[in-house]
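Structure first, then comments.
Only heavy atoms go into these numbers, but all of them, side chains included; no hydrogens, no water, no symmetry mates. Nothing here was measured: the structure is a model prediction, and the numbers come from that model.
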Amino acid sequence: DVVLTQTPVSLSVTLGDQASISCRSSQSLEYSDGYTYLEWYLQKPGQSPQLLIYGVSNRFSGVPDRFIGSGSGTDFTLKISRVEPEDLGVYYCFQATHDPYTFGAGTKLELK
Amino acid sequence: EVQLQESGPGLVKPSQSLSLTCSVTGYSITSNYWGWIRKFPGNKMEWMGYISYSGSTSYNPSLKSRISITRDTSKNQFFLQLNSVTTEDTATYYCARFGPLDYWGQGVMVTVSS
(Lines give C-alpha, C1' and ligand atoms only; values in the text may rest on other atoms or scores of the structure.)
Protein backbone atom coordinates (compact mmCIF):
# COMPACT_ATOMS: atom_id res chain seq x y z
CA ASP A 1 0.00 0.00 0.00
CA VAL A 2 1.07 3.59 -0.58
CA VAL A 3 2.26 5.22 2.63
CA LEU A 4 1.67 8.95 3.03
CA THR A 5 3.98 10.52 5.60
CA GLN A 6 2.66 13.80 6.95
CA THR A 7 4.84 16.22 8.84
CA PRO A 8 4.67 17.74 11.32
CA VAL A 9 2.33 15.69 13.50
CA SER A 10 1.22 18.89 15.20
CA LEU A 11 1.69 22.54 14.47
CA SER A 12 1.23 25.40 16.93
CA VAL A 13 0.62 28.75 15.31
CA THR A 14 -0.34 32.29 16.14
CA LEU A 15 -3.35 33.68 14.34
CA GLY A 16 -2.20 35.43 11.19
CA ASP A 17 0.88 33.21 10.80
CA GLN A 18 1.60 31.02 7.81
CA ALA A 19 1.42 27.22 8.30
CA SER A 20 2.91 24.55 6.09
CA ILE A 21 2.19 20.81 6.07
CA SER A 22 4.17 18.25 4.11
CA CYS A 23 2.86 15.00 2.66
CA ARG A 24 5.39 12.58 1.19
CA SER A 25 4.33 9.47 -0.66
CA SER A 26 6.13 6.13 -0.86
CA GLN A 27 5.32 6.04 -4.61
CA SER A 28 4.68 8.59 -7.30
CA LEU A 29 1.03 9.70 -7.25
CA GLU A 30 0.86 10.54 -10.95
CA TYR A 31 -1.66 8.22 -12.54
CA SER A 32 -1.31 6.78 -16.03
CA ASP A 33 -3.78 9.40 -17.29
CA GLY A 34 -1.39 12.15 -16.18
CA TYR A 35 -3.58 13.28 -13.28
CA THR A 36 -2.35 13.27 -9.69
CA TYR A 37 -5.05 12.17 -7.29
CA LEU A 38 -3.75 13.91 -4.17
CA GLU A 39 -6.28 15.65 -1.94
CA TRP A 40 -6.28 17.58 1.32
CA TYR A 41 -9.01 17.45 3.96
CA LEU A 42 -9.62 19.31 7.19
CA GLN A 43 -11.53 17.85 10.10
CA LYS A 44 -12.63 20.52 12.52
CA PRO A 45 -13.53 19.49 16.07
CA GLY A 46 -16.91 17.77 16.18
CA GLN A 47 -17.36 17.87 12.41
CA SER A 48 -16.92 15.55 9.45
CA PRO A 49 -13.85 15.96 7.26
CA GLN A 50 -14.21 18.58 4.55
CA LEU A 51 -12.51 18.75 1.18
CA LEU A 52 -10.03 21.60 0.75
CA ILE A 53 -7.85 20.70 -2.24
CA TYR A 54 -8.10 18.11 -5.03
CA GLY A 55 -5.75 17.26 -7.86
CA VAL A 56 -2.80 18.66 -5.83
CA SER A 57 -3.67 22.32 -6.20
CA ASN A 58 -7.36 22.85 -7.04
CA ARG A 59 -9.35 24.53 -4.30
CA PHE A 60 -12.82 23.10 -3.71
CA SER A 61 -15.80 25.42 -3.98
CA GLY A 62 -15.88 27.96 -1.15
CA VAL A 63 -12.35 27.26 0.10
CA PRO A 64 -10.52 30.53 0.76
CA ASP A 65 -7.53 31.37 -1.40
CA ARG A 66 -5.26 31.38 1.65
CA PHE A 67 -5.16 27.58 1.21
CA ILE A 68 -2.57 26.66 -1.41
CA GLY A 69 -1.69 23.13 -2.48
CA SER A 70 1.43 22.33 -4.44
CA GLY A 71 3.80 19.53 -5.34
CA SER A 72 4.29 16.68 -7.74
CA GLY A 73 5.39 13.06 -7.87
CA THR A 74 5.95 12.06 -4.26
CA ASP A 75 6.26 15.41 -2.51
CA PHE A 76 3.30 17.64 -1.67
CA THR A 77 2.64 20.67 0.51
CA LEU A 78 -0.37 22.48 1.88
CA LYS A 79 0.27 26.08 2.86
CA ILE A 80 -2.14 28.19 4.85
CA SER A 81 -1.32 31.85 4.80
CA ARG A 82 -2.70 34.04 7.57
CA VAL A 83 -4.17 31.30 9.79
CA GLU A 84 -7.65 32.14 11.08
CA PRO A 85 -9.53 30.55 14.02
CA GLU A 86 -11.75 28.47 11.69
CA ASP A 87 -8.64 26.79 10.22
CA LEU A 88 -7.89 24.86 13.41
CA GLY A 89 -8.31 21.10 13.37
CA VAL A 90 -6.68 18.03 11.84
CA TYR A 91 -5.45 18.09 8.25
CA TYR A 92 -5.13 14.92 6.18
CA CYS A 93 -3.64 14.24 2.81
CA PHE A 94 -5.27 11.43 0.81
CA GLN A 95 -4.25 9.63 -2.36
CA ALA A 96 -6.64 7.99 -4.80
CA THR A 97 -4.06 7.06 -7.42
CA HIS A 98 -3.14 3.62 -6.14
CA ASP A 99 -5.66 1.10 -4.82
CA PRO A 100 -6.12 0.78 -1.89
CA TYR A 101 -6.48 4.51 -1.39
CA THR A 102 -4.77 5.82 1.71
CA PHE A 103 -4.72 8.72 4.13
CA GLY A 104 -1.82 10.39 5.86
CA ALA A 105 -1.75 10.15 9.65
CA GLY A 106 -2.93 13.72 10.10
CA THR A 107 -1.49 17.04 11.24
CA LYS A 108 -3.16 18.85 14.09
CA LEU A 109 -3.15 22.61 13.70
CA GLU A 110 -3.62 24.39 17.01
CA LEU A 111 -3.08 27.78 18.57
CA LYS A 112 0.16 28.57 20.31
CA GLU B 1 -27.68 20.43 -2.18
CA VAL B 2 -26.08 17.02 -1.79
CA GLN B 3 -26.59 15.56 1.67
CA LEU B 4 -25.60 12.20 3.12
CA GLN B 5 -26.67 10.67 6.40
CA GLU B 6 -25.43 7.48 8.01
CA SER B 7 -27.64 5.36 10.23
CA GLY B 8 -27.25 2.12 12.10
CA PRO B 9 -26.60 0.61 15.50
CA GLY B 10 -24.01 2.24 17.69
CA LEU B 11 -23.12 -0.99 19.48
CA VAL B 12 -22.26 -4.33 17.92
CA LYS B 13 -21.11 -7.50 19.64
CA PRO B 14 -17.83 -9.16 18.64
CA SER B 15 -18.15 -11.76 15.87
CA GLN B 16 -21.44 -10.22 14.68
CA SER B 17 -22.03 -8.08 11.60
CA LEU B 18 -22.00 -4.31 11.42
CA SER B 19 -24.63 -2.89 9.05
CA LEU B 20 -24.90 0.78 8.16
CA THR B 21 -27.06 2.74 5.75
CA CYS B 22 -26.13 5.92 3.91
CA SER B 23 -29.15 7.90 2.75
CA VAL B 24 -28.43 10.40 -0.01
CA THR B 25 -30.57 13.40 -0.94
CA GLY B 26 -30.03 16.02 -3.62
CA TYR B 27 -28.13 13.71 -5.97
CA SER B 28 -28.67 10.30 -7.53
CA ILE B 29 -26.40 7.45 -6.50
CA THR B 30 -26.64 6.20 -10.09
CA SER B 31 -24.12 8.92 -10.84
CA ASN B 32 -20.62 9.19 -9.39
CA TYR B 33 -18.96 6.92 -6.86
CA TRP B 34 -19.94 6.47 -3.23
CA GLY B 35 -17.54 5.46 -0.50
CA TRP B 36 -17.18 4.36 3.09
CA ILE B 37 -14.38 5.67 5.29
CA ARG B 38 -13.75 5.11 8.96
CA LYS B 39 -11.82 6.98 11.63
CA PHE B 40 -10.40 5.04 14.52
CA PRO B 41 -10.00 6.40 18.05
CA GLY B 42 -7.08 8.79 17.68
CA ASN B 43 -6.62 10.23 14.20
CA LYS B 44 -6.13 7.26 11.89
CA MET B 45 -8.43 7.25 8.85
CA GLU B 46 -9.03 4.22 6.63
CA TRP B 47 -10.54 3.98 3.18
CA MET B 48 -12.92 1.01 3.18
CA GLY B 49 -14.34 0.85 -0.33
CA TYR B 50 -16.81 2.25 -2.81
CA ILE B 51 -19.77 1.43 -5.00
CA SER B 52 -19.94 3.01 -8.42
CA TYR B 53 -22.78 4.55 -10.39
CA SER B 54 -23.18 1.19 -12.17
CA GLY B 55 -23.12 -0.86 -8.98
CA SER B 56 -19.59 -2.17 -9.29
CA THR B 57 -17.58 -2.25 -6.09
CA SER B 58 -14.01 -1.95 -4.90
CA TYR B 59 -12.81 -2.85 -1.43
CA ASN B 60 -9.72 -2.30 0.65
CA PRO B 61 -7.90 -5.66 0.68
CA SER B 62 -7.17 -5.14 4.39
CA LEU B 63 -10.84 -5.91 4.99
CA LYS B 64 -10.51 -9.08 2.93
CA SER B 65 -13.80 -10.91 2.51
CA ARG B 66 -15.50 -9.26 5.51
CA ILE B 67 -16.85 -6.23 3.65
CA SER B 68 -19.77 -5.77 1.31
CA ILE B 69 -21.15 -2.52 -0.13
CA THR B 70 -24.53 -2.65 -1.82
CA ARG B 71 -27.23 -0.19 -2.81
CA ASP B 72 -30.94 0.38 -3.30
CA THR B 73 -31.36 2.85 -6.12
CA SER B 74 -35.11 3.14 -5.54
CA LYS B 75 -34.41 4.60 -2.11
CA ASN B 76 -31.19 6.36 -3.12
CA GLN B 77 -29.32 4.54 -0.37
CA PHE B 78 -26.16 2.52 -0.17
CA PHE B 79 -25.08 0.15 2.55
CA LEU B 80 -22.05 -1.15 4.38
CA GLN B 81 -21.85 -4.61 5.86
CA LEU B 82 -18.78 -5.67 7.79
CA ASN B 83 -18.78 -9.23 9.05
CA SER B 84 -17.03 -10.90 11.97
CA VAL B 85 -16.27 -7.64 13.73
CA THR B 86 -13.76 -7.34 16.54
CA THR B 87 -12.99 -4.56 18.98
CA GLU B 88 -10.53 -3.25 16.39
CA ASP B 89 -13.49 -2.26 14.22
CA THR B 90 -14.58 0.31 16.80
CA ALA B 91 -14.56 3.59 14.86
CA THR B 92 -16.62 6.43 13.49
CA TYR B 93 -17.95 5.43 10.07
CA TYR B 94 -18.52 7.97 7.32
CA CYS B 95 -20.13 7.74 3.93
CA ALA B 96 -19.13 10.21 1.23
CA ARG B 97 -19.49 10.99 -2.44
CA PHE B 98 -16.19 10.02 -4.03
CA GLY B 99 -14.13 11.50 -6.79
CA PRO B 100 -12.97 13.51 -4.75
CA LEU B 101 -14.65 13.11 -1.35
CA ASP B 102 -16.60 16.32 -1.66
CA TYR B 103 -19.71 15.56 0.40
CA TRP B 104 -19.66 13.61 3.66
CA GLY B 105 -22.22 12.36 6.13
CA GLN B 106 -22.02 13.42 9.75
CA GLY B 107 -20.58 10.05 10.77
CA VAL B 108 -21.86 7.33 13.08
CA MET B 109 -19.83 6.06 16.00
CA VAL B 110 -19.83 2.27 16.25
CA THR B 111 -18.49 0.46 19.29
CA VAL B 112 -17.73 -3.25 19.16
CA SER B 113 -18.11 -4.64 22.64
CA SER B 114 -19.75 -7.52 24.44
Side chain to side chain donor-acceptor pair (under 3.5 Å) partners of B:Ser28, counting only residues at least two apart: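 Side chain to side chain donor-acceptor pair (under 3.5 Å) list for B:Ser28, sorted by chain: B:Thr30.
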Please identify each residue that fulfils side chain to side chain donor-acceptor pair (under 3.5 Å) with B:Arg66, with sequence neighbours left out. B:Asp89
Which bit of [X] comes within less than 4.5 Å of chain B, counting heavy atoms only: side chain, backbone, both or neither?
| X | value |
| --- | --- |
| A:Ala105 | backbone |
| A:Tyr101 | both |
| A:Tyr41 | side chain |

Measuring from atom OH of A:Tyr54 to atom CG of B:Leu101, what distance do you get when rounded to the nearest 0.5 angstrom?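 Going from OH on A:Tyr54 over to CG on B:Leu101, the span is 13.5 Å.
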At what distance, to the nearest 0.5 angstrom, does CE of B:Met45 lie from CG of A:Leu4? 12.5 Å
List the atom of A:Ser48, the atom of B:Gly105, and the distance in Å for their closest heavy-atom pair. OG-O, 2.5 Å
Check B:Trp47 against A:Phe94 and note the closest heavy-atom contact, atom names and distance. CE3-CZ, 4.0 Å
Contact check, side chains of A:Gln43 and B:Trp104, non-hydrogen atoms, under 4.5 Å: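 Not touching, per the 4.5 Å side-chain cut-off.
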Looking at [X], I want to see if its [atom1] is surrounded by more than 12 non-hydrogen atoms of other residues, nucleotides or ligands under 6.0 Å.
| X | atom1 | answer |
| --- | --- | --- |
| B:Tyr53 | OH | no |
| A:Glu86 | CD | yes |
| A:Arg59 | CZ | yes |
| A:Tyr35 | OH | yes |

Using heavy-atom distances under 4.5 Å, tell me whether B:Ser58 contacts chain A through its side chain, its backbone, both, or neither.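 The side chain, not the backbone.
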Engaged part of B:Phe40 at the chain A interface, taking heavy atoms whose separation is under 4.5 Å: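 Neither part, no heavy atoms under 4.5 Å.
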In terms of hydrophobic clustering (I, L, V, M, F, W, Y; side-chain heavy atoms under 4.5 Å; direct or indirect links), are A:Leu15 and A:Leu109 co-clustered?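 Yes; tracing contacts between hydrophobic side chains, which count when under 4.5 Å, links both residues.
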